[in-house]
Amino acid sequence: MLSQLYIENLAVIEKASIDLTPELNVFTGETGAGKSILINGINAILGQRTNKDIVRTGANKAVVTAVFEKIPDSCLQLLNDSGISCDDGQLFLEREIKNDGGSIARINSRPVSISLLKQVGNLLVNIHGQHDNQILLSPDKHIDILDSYSDAKGLIEDYQSSFHKLQSIAKEISHIKADSNMRQFRIAQLYEIINEIEGMKIAPDEDKQINSELNVSKNAVALSEAFNAVSAILSGSDNLTGVVESLMNADAYIKNYQDVMPKLGELSERLNNARIEVKDISDEIEILNSRLDVDPKRYDWLNQRSDDLRKICKKYGPELDDVLRSLNNAKDELEKLQGSEQSLDKLESEKNDLLTEVSKKAMKLSEHRKKAGERFVRQVANELEFLNMPNVKIVVKQEKGKLTFKGMDNIEFLISANLGEEPRPMAKIASGGELSRIMLALKNVIAQKDSIDTLIFDEIDTGVSGIAAQKIGMKLGEISRYRQVLCVTHLAQIAVFADNHLLIEKNIVGDRTVTSVRSLGKNDRKNEIARIMGGNSITPLLLKNAQQLLDEAAKMKK
């Protein structure tokens, strides 16, 4: 429950420290005193959207702090998962709204995201404001109200898991079918690429080998002349003694004097090795020279092949390795595209199986809602009868429709406002006062199912008066027996049921408007009830009537 609320520099509230009790806390005050600001402060601490305009003029920031006790297990689990401890049983939420539009949130003094603050707030407090009555006028919201009551969370999550899988497969099938023409065109392209490249029977580095052979062929005459000259130098000719013969002669001279100078033996061996190496070079030159005969057909083929490789590289290259890589990529892509066609039948089969599964789960969920709807109608009828609406009947209209994320049901609450009338949509029948009481009845029925311990009602009395208002007060008192209730009201019939009556009042301090919140004692409370009934002119009769209302309420609460 919310045990304490501290507000600083929020609009006209300079500072306010509010202590709350576990039961029914009622806020009253003159119009414009700042009751809406109080609700804005609570919304801020629960992670709702704020803006810099709510910061008090002249202040750098507004601060709202809330202390919660008896934290529900669901909230403790969320905090634990977020790495936040709550060992002493108290939870401190803080929100700073800066005048430049910035915002800071803290939980137990630890900075957190606004998103986490909102998640925590949703588990701690349920706020019902005047705009919530519009939910009753929107049939698409009714299914959520029924599901909140019916404990259908497990069934819904199971159904939605299967429905999500069905959607994914359906989307994949649709994607494959939608791309069919494009895919066939791409397959034809890939076949063309593969046939063109494979048809050339390209070998790795073939372009380098072709270019090397072509270069030799183009320079065959010059090479032959060079080879002949080198051969003559090394092996000799008619007019020239070759290097080989000269080395032999040099060696012969040295050998004659080996005995005289032993060092010459080493030199002789080196000359002989040089002669052998030069002779080997000369022989290889002769072999290369003999291979220089150029076949014209071979030469033409080399030129054509070089041109073909250059063209294929320009198309799929720039290098021959890139061409071969393009070939492999095309084969891989073709295999995938052909495989996707083959998988279409498999996906269709999976889709049909999932459709059957989803339909069964939707039917199970629908049956659960039907039974819950019958209980729901009975409980709401009891609540409405207590709230002085005995002839108003709610009907849960449940129709089968197409499968959606929420199941196969179209749910709408219809009402019969008077005995014997056909149930009709709420938007066509219900008045503002009726909507307020119907929503209170729904809130009470649903509150008995959920784990949220604090309920806030902002002007639940809109459009009601007299005995109907008294019944709302009694119902709020009843709810407060098992939930903490905070209520902002304009009606004395409701305020008299408070366990903790707080007055929101506006005063002028210096040249500034200041709003304060204080808990009322017995006499002050009687005066406030009298003011609500008759305005600022409080007469003895009003005070007597106020005391009578308070006494009657005290008896009803026993």
Side-chain angles (χ1 to χ4, degrees), residues 1-7 17-27 38-39 41-48 64-82 84-95 105-108 112 116-129 132 135 144-145 147-151 153 379 383 439-460 472-489 494 497-502 517 519 557:
M1 71 166 201
L2 177 59
S3 62
Q4 189 176 61
L5 185 68
Y6 175 76
I7 298 174
S17 182
I18 306 167
D19 293 320
L20 301 163
T21 64
E23 297 173 308
L24 178 56
N25 301 267
V26 170
F27 294 86
L38 177 71
I39 298 299
I42 294 175
N43 278 323
I45 203 63
L46 298 178
Q48 300 300 320
V64 184
T65 304
V67 181
F68 287 86
E69 298 177 353
K70 300 178 182 179
I71 314 304
D73 292 339
S74 57
C75 185
L76 290 174
Q77 183 62 52
L78 175 60
L79 292 170
N80 185 62
D81 293 342
S82 304
I84 300 173
S85 61
C86 190
D87 299 329
D88 58 359
Q90 285 191 324
L91 183 64
F92 295 84
L93 307 185
E94 185 177 10
R95 181 84 178 270
R106 297 184 182 88
I107 297 179
N108 285 354
V112 297
L116 178 58
L117 185 67
K118 187 174 183 178
Q119 291 180 62
V120 171
N122 287 337
L123 296 174
L124 295 172
V125 178
N126 188 319
I127 297 183
H128 169 65
D132 286 348
I135 294 175
D144 297 327
I145 295 175
D147 286 343
S148 296
Y149 166 81
S150 68
D151 296 327
K153 183 178 179 181
Q379 286 188 253
E383 296 291 329
M439 179 56 82
L440 177 58
L442 297 182
K443 287 279 184 178
N444 190 31
V445 169
I446 295 172
Q448 297 172 32
K449 293 282 185 177
D450 64 34
S451 61
I452 298 177
D453 291 324
T454 299
L455 301 178
I456 299 178
F457 294 93
D458 182 16
E459 299 189 5
I460 190 68
I472 289 177
M474 294 172 66
K475 180 53 64 177
L476 292 174
E478 180 184 321
I479 297 173
S480 70
R481 294 173 189 168
Y482 53 90
R483 294 282 191 277
Q484 180 187 39
V485 177
L486 279 64
C487 176
V488 176
T489 184
I494 294 176
F497 285 93
D499 297 293
N500 181 27
H501 190 158
L502 298 116
V517 183
S519 182
K557 287 166 63 177

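Computed from a predicted structure; not experimentally measured.
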- [ ] Search all heavy atoms of L76 against all heavy atoms of C86 and return the closest pair with its distance.
- [x] CD2-CB, 3.9 Å

- [ ] Could you give me the CA-CA distance, side-chain angles and deciding distance for T454 and L20, then say whether side chain to side chain contact (heavy atoms under 4.5 Å, CB included) is met?
- [x] CA-CA 11 Å; T454 299; L20 301 163; over 6 Å; no

Open item on the list: I need the S74 OG to Q119 CD distance, nearest 0.5 Å.
Closed with: 11.5 Å

Open item on the list: Contact between C75 and L79 at the side-chain level, heavy atoms closer than 4.5 Å - yes or no?
Closed with: yes

Open item on the list: Main chain of T21, side chain of Q484: is a donor-acceptor contact present, judged purely on distance under 3.5 Å?
Closed with: yes

TODO: Would you check if L442 and Y149 make a side-chain contact, meaning some heavy-atom pair closer than 4.5 Å?
DONE: no

Open item on the list: Can a side-chain donor-acceptor contact be found between Q77 and D73 if the only test is distance below 3.5 angstrom?
Closed with: no

Task: From CG (L123) to NZ (K118), nearest 0.5 Å - done: 12.5 Å

Open item on the list: Any non-hydrogen side-chain atom of Q90 less than 4.5 Å from a side-chain atom of V67?
Closed with: yes

Task: From CD1 (I84) to CG (L116), nearest 0.5 Å - done: 5.0 Å

Open item on the list: Can you confirm whether V120 sits close enough to S82 that some side-chain heavy atom of one is under 4.5 Å from a side-chain heavy atom of the other?
Closed with: no

Task: Name of the residue among I18, D458, I456 meeting side-chain contact (heavy atoms from CB on, under 4.5 Å) with L38 - done: I18

Task: Shortest non-hydrogen separation from L24 to F497 and the atoms involved - done: CD2-O, 3.2 Å

Task: Heavy-atom donor-acceptor pair, N500 side chain to D19 backbone, under 3.5 Å - done: yes

Open item on the list: I need the I446 CD1 to Q379 CD distance, nearest 0.5 Å.
Closed with: 10.5 Å

- [ ] Evaluate the side-chain proximity of L93 to L124: yes if any heavy-atom separation is below 4.5 Å, no if none is.
- [x] yes

Open item on the list: Looking at N444 and I479, would you say the former's side chain and the latter's main chain have a donor-acceptor pair under 3.5 Å?
Closed with: no

TODO: Any chance you could measure Q48, atom CD, to I42, atom CD1, to the nearest 0.5 Å?
DONE: 12.0 Å

Open item on the list: Checking T65 now: which residues fulfil side chain to side chain contact (heavy atoms under 4.5 Å, CB included) with it, not counting sequence neighbours?
Closed with: Y6, V63, E94

Task: Worked verdict on F27 versus V517 for side chain to side chain contact (heavy atoms under 4.5 Å, CB included) - done: CA-CA 9 Å; F27 294 86; V517 183; 4.2 Å; yes

Task: Any donor-acceptor N/O pair, R95 side chain to L46 backbone, under 3.5 Å - done: no

Open item on the list: Using modelled atom types and a 3.5 Å cut-off, is there a donor and acceptor pairing between side-chain atoms of N126 and backbone atoms of L455?
Closed with: no

- [ ] Please name the pair of heavy atoms, one in I494 and one in V26, separated by the smallest distance, quoted to 0.1 Å.
- [x] O-CG2, 4.4 Å

Open item on the list: Minimum heavy-atom separation for I45 and V64, please, with both atom names.
Closed with: CD1-O, 3.0 Å

Task: Min side-chain heavy-atom separation L91-I107 under 4.5 Å - done: yes

Open item on the list: Nearest 0.5 angstrom please: N108 CG to R106 CZ, how far?
Closed with: 12.5 Å

- [ ] Please identify each residue that fulfils side-chain hydrogen bond (donor to acceptor under 3.5 Å, both in side chains) with R481, with sequence neighbours left out.
- [x] none

